[in-house]
Number of protein chains: 2
Amino acid sequence: MTDREKAQYEAKARVLKALAHPTRLWMVERLAEREHCVCELFEAVDADFSTVSKHLSVLRQAGIVDVEKRGKQMFYRLKVPCVLQFMGCIEAVLLDNAEVQCRAAGLTPVGDIALQARLNPGEIS
Amino acid sequence: MTDREKAQYEAKARVLKALAHPTRLWMVERLAEREHCVCELFEAVDADFSTVSKHLSVLRQAGIVDVEKRGKQMFYRLKVPCVLQFMGCIEAVLLDNAEVQCRAAGLTPVGDIALQARLNPGEIS
DNA sequence: CTTACATTTGGTTATTTAGCCAAATGAGCA
DNA sequence: TGCTCATTTGGCTAAATAACCAAATGTAAG
């Protein structure tokens with residue numbers, strides 16, 4: 001692998017890493033619907049204000065979101081809508097994992113139970 | 001956000017995190033072409049054998065790749081081809097970033113130079 | 001120009017991750 | 001059975017990440 005190729009994989013990984021956090025993933029979905037100021041996101045997130053701000057900064061540096069200052073507020077919006085396409089695939093991965101887990105446990109995965117099994121193993125009634 | 005939703009975002013983030021490493025990203029693309037044993041991937045990667053094995057283990061635990069033991073070797077293959085769709089979008093993000101950087105630097109981004117600018121800032125001739 | 005508000009930045013700490021080495025496992029072969 | 005090869009696991013250290021708090025910045029309003 002050339003240095004050039006290596007740098008490309010590193011750059012791609014950096015973008016994915018920016019998305020690879022539950023709070024940031026949630027934010028991306030919110031920002032896909034419409035722009036939000038930091039304060040709005042803060043209210044829904046249950047974390048320090050500075051934490052929320054830093055998450056947005058990570059997304060911005062990765063080039064995933066855009067920001068515009070208006071008055072006292074900073075308005076963030078999703079810059080690259082195609083990242084939303086990831087969600088469907090990821091859900092498919094999780095569902096598939098759930099089925100594997102269920103099969104291993106001797107359960108019949110039906111509908112939502114499967115996802116629950118993957119997300120909260122041990123909580124299946 | 002309910003506990004349930006929170007757990008879902010955490011699960012999704014876990015999958016993305018598994019992909020968010022240059023070596024693992026490279027491996028995923030190789031495994032998309034055809035199955036490979038650990039030794040084949042090792043030869044191309046320039047890292048310890050155990051490091052390669054651990055990367056594959058991360059991908060397996062995320063449910064992204066599958067493994068089958070045949071004889072002495074372990075053969076890994078891509079289990080969820082849809083993750084390949086991510087690549088196009090990520091490249092679009094990088095290209096877009098490059099253009100922003102170039103505009104900021106007063107350059108005209110033409111073709112490949114744009115990507116180079118993003119990947120190796122400061123190396124533009 | 002002082003205050004209040006929205007957000008970012010810097011500092012600190014705890015946790016997670018990546019890498020290497022050495023040792024353990026497990027399958028096939030002598 | 002004992003050897004060898006392919007791979008995984010455990011232990012360790014260095015580096016990266018996430019969270020909080022406190023302090024700094026920048027903007028608008030009084």
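Only this structure's heavy atoms are used, side chains among them; waters, hydrogens and symmetry mates stay out.
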Original post:
How far does CD1 of A/Ile90 sit from CG of B/Leu19, to the nearest 0.5 angstrom?
Top reply: 7.5 Å
Original post:
Atom CE of B/Met27 to atom C1' of C/dA18: distance rounded to whole Å?
Top reply: 13 Å
Original post:
Is the backbone of B/Leu59 close enough, under 3.5 Å, to the side chain of B/Arg24 for a donor and an acceptor to pair up by distance?
Top reply: no
**OP:** Give a yes or no on whether A/Val93 and B/Val58 share a hydrophobic cluster (residues Ile, Leu, Val, Met, Phe, Trp, Tyr; joining criterion: side-chain heavy atoms under 4.5 Å apart).
**Re:** no
Subject >> Toward the 5' end of DNA chain C, by each residue's nearest nucleotide, B/Lys69 or B/Thr23 >> reply: B/Thr23
Original post:
For B/Leu59 and C/dT17, what is the distance between atoms CG and P respectively, to the nearest whole Å?
Top reply: 14 Å
Original post:
Taking CZ from B/Phe49 and P from C/dA18, how many angstroms apart are they, rounded to a whole number?
Top reply: 19 Å
Subject >> N/O (side chain, B/His55) to phosphate O (OP1/OP2, C/dG19) under 4.0 Å >> reply: yes
Please list, for nucleotides 10-13 of chain C, all pairs of protein and nucleotide N/O atoms separated by less than 3.5 Å.
from: C/dG10; atom 1: O6; to: A/Lys54; atom 2: NZ; distance (Å): 2.8
from: C/dG11; atom 1: O6; to: A/Lys54; atom 2: NZ; distance (Å): 2.9

Original post:
With a non-hydrogen cut-off below 4.0 angstrom, is B/Tyr76 in contact with a base, only sugar-phosphate, or nothing?
Top reply: sugar-phosphate
Original post:
Where the side chain of B/Glu40 meets the backbone of B/Cys37, is there a donor-acceptor pair that is under 3.5 Å apart?
Top reply: yes
Original post:
Can you give the first and last nucleotides of DNA chain D, 5' to 3', that have an atom under 4.0 Å from a heavy atom of chain A?
Top reply: D/dT17 to D/dA28
Subject >> B/Thr23 side chain reached by B/Thr51 side chain, heavy atoms, under 4.5 Å >> reply: no
Original post:
Does CG belonging to B/Asp46 count more than 12 external heavy atoms closer than 6.0 Å?
Top reply: no
Original post:
Given C/dA27, is OP1 or OP2 found less than 4.0 Å from the side-chain N or O atoms of B/Arg70?
Top reply: no
Subject >> Side-chain N or O of A/His36 closer than 4.0 Å to phosphate OP1/OP2 of C/dT7 >> reply: no
Original post:
5'-most contact on DNA chain D: A/Lys17 or A/Asp46, nearest heavy atom basis?
Top reply: A/Lys17
Original post:
Rounded to the Å, how far apart are B/Lys72 NZ and C/dC29 P?
Top reply: 7 Å
Original post:
When rounded to the nearest 0.5 angstrom, what distance separates CZ in A/Phe75 from CG in A/Leu31?
Top reply: 12.0 Å
Subject >> B/His21 and B/His55 aromatic ring geometry - parallel, tilted or perpendicular at 30°/60° bounds >> reply: tilted
Subject >> Shared hydrophobic cluster, B/Met74 / B/Phe42 (ILVMFWY, side-chain heavy atoms < 4.5 Å) >> reply: yes
Original post:
Which part of the nucleic acid, if any, lies within contact of A/Arg24, taking any heavy atom under 4.0 Å across all strands shown: a base, the sugar-phosphate backbone alone, or nothing?
Top reply: sugar-phosphate
